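Worksheet: one structure, shown below.
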Amino acid sequence: MIRPDLSLPIPENIEAAHFIGIGGSGMSGLARMFLERGIRVSGSDRADSPGLRELEALGATVYVGHDAANLADDVDTVVHTGAIWPENPEFLLAKERGLHVIHRSQALYWLIGGRRLVSVAGAHGKTTSTGMIVTALRDLGADPTFVNGGVISQLGVSSASGSDDLVVIEADESDGTFLLYDTSIALVTNVDPDHLDHWGSADAFYAAFARFANEGREAVVISSDDPGAKIVASQLTHPRVITFGESEDATVRVTDIVTDGPVSFRLSYDGATVEARLPVPGAHNAINAAGAVAVLLTLGHGLEPAVRAVEGFAGTVRRFELHGVERGVAVYDDYAHHPTEVAAALAAARTVVGDGRIIAIQQPHTYSRTQEMYREFAHVLEQYADHTVMLDVYGAREDPVPGVTGELVSAAFADPSHVRFVPDWQQAADYTATVAREGDYVITLGCGNVNLIIPQVLQALGRTAPPTSSATGE
């Protein structure tokens, strides 16, 4: 991978930008916003996708595959992610030409342009919290510019330019780029140490979040419950800190959470209490909603209208997203790729599955995370799912590590009858269909490409007879 060099100068003016990896949800959103600014946009990705075709329809020149020939003579700025290889031919040619070569976070910084900024950071819940804030603001009559890490379901996009002097972004802590922005209101959803291949230690991770929060010009909104957030809070020197959560001393307090179906709860602030109900399940979403409401309060909205606006949030793509029902089995997808996220996703599913079972299809993400956390993954999957189908590791930017496969996770299950390692996708889909029965939920888990197995699972369910007993199929 290429680590972002945030010391590199960001151009004042950009007329023609080329995006390496333009098909990703974050990069495609940035490219769309560049087009909205009237900037000529081109870009490449390693595989074709609907996202590429959408950008092409908007006027971008897109290429499938990376090649130096893709870099047109009129390009003055090249935008890249950290996921590309240093040997990428377009990256190398841009350097050779002396073009401005900037990380996507620097391109976002350029787009923000000094406007009032709400930055949402945290190990988990960033995309959902950002989506809640954006949809609520629009419901309240505002028109913010926003850049989210996932597509907001009711808007159909992950980013868009607005007319207000307000920007809401999902800020990425994985590579330190969340420290680049001139944030006005910093929201910290939680601080569960991750990406230690970049930070080196949990203490460094905590210190980075403390710096991010302390540099918020107007306010810090931070969890009152999360253990990591408490460590960060102890390092804050900011004059305005708003907390949210179930703790008795939380500024915006959550109580009476009911997870029997779509989650309901109460939010209390400054002596007033409002009942709330979300269309999305899970206790974790009640906490996410409290953080979003706290941000809205700092922006000047009242408690009642803020809660009503957040209630309208319909979710984001790849967050407990239903893809189809076949033979009475519902097939969902979730982006969860950390043990804490997997536990939250499966716990939320448990509240709405009724008498059905939960069958997880897990794709471990990156060799480094799998090697570090395989025991934790096995524990939460065995605790929250009735049965797990384990795929192989999605390496992303990393080279394979000998011995680090999906089988490393499955072998760590206390009861091997609760899991099966099936690296071949078609075999995994066929096996899932022999296990699942009417009323069950099948949930794909991971932030790689595991969602692409869903059509195979639905097809396999359609052609496979249901199991004759309650056995898992072992």
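These figures come from a predicted structure and were not determined experimentally. We use all heavy atoms of the structure for the numbers below, so side chains are in, but hydrogens, waters and symmetry mates are not.
When ring centroids are compared, Phe178 and Phe209 come within the 6.0 Å threshold. In this structure, the ring of Phe413 has its center no less than 6.0 angstrom from the ring center of His418. Checked against a 6.0 Å centroid threshold, the rings of His337 and Tyr335 count as neighbours.
Heavy-atom neighbours of Arg46 CZ from other residues, nucleotides or ligands within 6.0 Å: at or below the threshold of 12. Around atom NE2 of His379, no more than 12 heavy atoms belonging to other residues, nucleotides or ligands sit under 6.0 Å away.
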Do His323 and Tyr332 pass the ring-ring contact (aromatic ring centres under 6.0 Å, His included) test, and can you show the C-alpha distance, the side-chain angles, and the key distance before you say yes or no?
CA-CA 6 Å; His323 280 256; Tyr332 288 83; 8.7 Å; no
Walk me through it: do Thr259 and Thr351 pass the test side-chain hydrogen bond (donor to acceptor under 3.5 Å, both in side chains)?
CA-CA 6 Å; Thr259 59; Thr351 66; 5.1 Å; no
Chi angles and distances behind the salt bridge (Lys or Arg N to Asp or Glu O under 4.0 Å) call for Arg308, Asp139:
CA-CA 9 Å; Arg308 296 295 161 250; Asp139 187 68; over 6 Å; no
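If you take CG on Leu299 and CD1 on Ile133, they are separated by 8.0 Å, rounding to the nearest 0.5 Å. Taken to the nearest 0.5 Å, the CZ atom of Phe19 stands 9.0 Å off from the CG atom of Leu55.
Residues Ala336 and Val342 share a closest heavy-atom pair of CB-N, 3.7 Å. Residues Val435 and Ile359 come closest through the heavy atom pair CG1-CD1, 3.8 Å.
Defined by atom type and a distance below 3.5 Å, a donor-acceptor pair is missing between the side-chain atoms of Asp430 and Gln456. No side-chain donor from either of Asp225 and Ser223 sits under 3.5 Å from a side-chain acceptor of the other.
Using a 4.5 Å heavy-atom cutoff, the side chains of Arg350 and Asp386 are in contact.
Remark: Asp270 does not engage Arg253 in a salt bridge, criterion side-chain N to carboxylate O under 4.0 Å.
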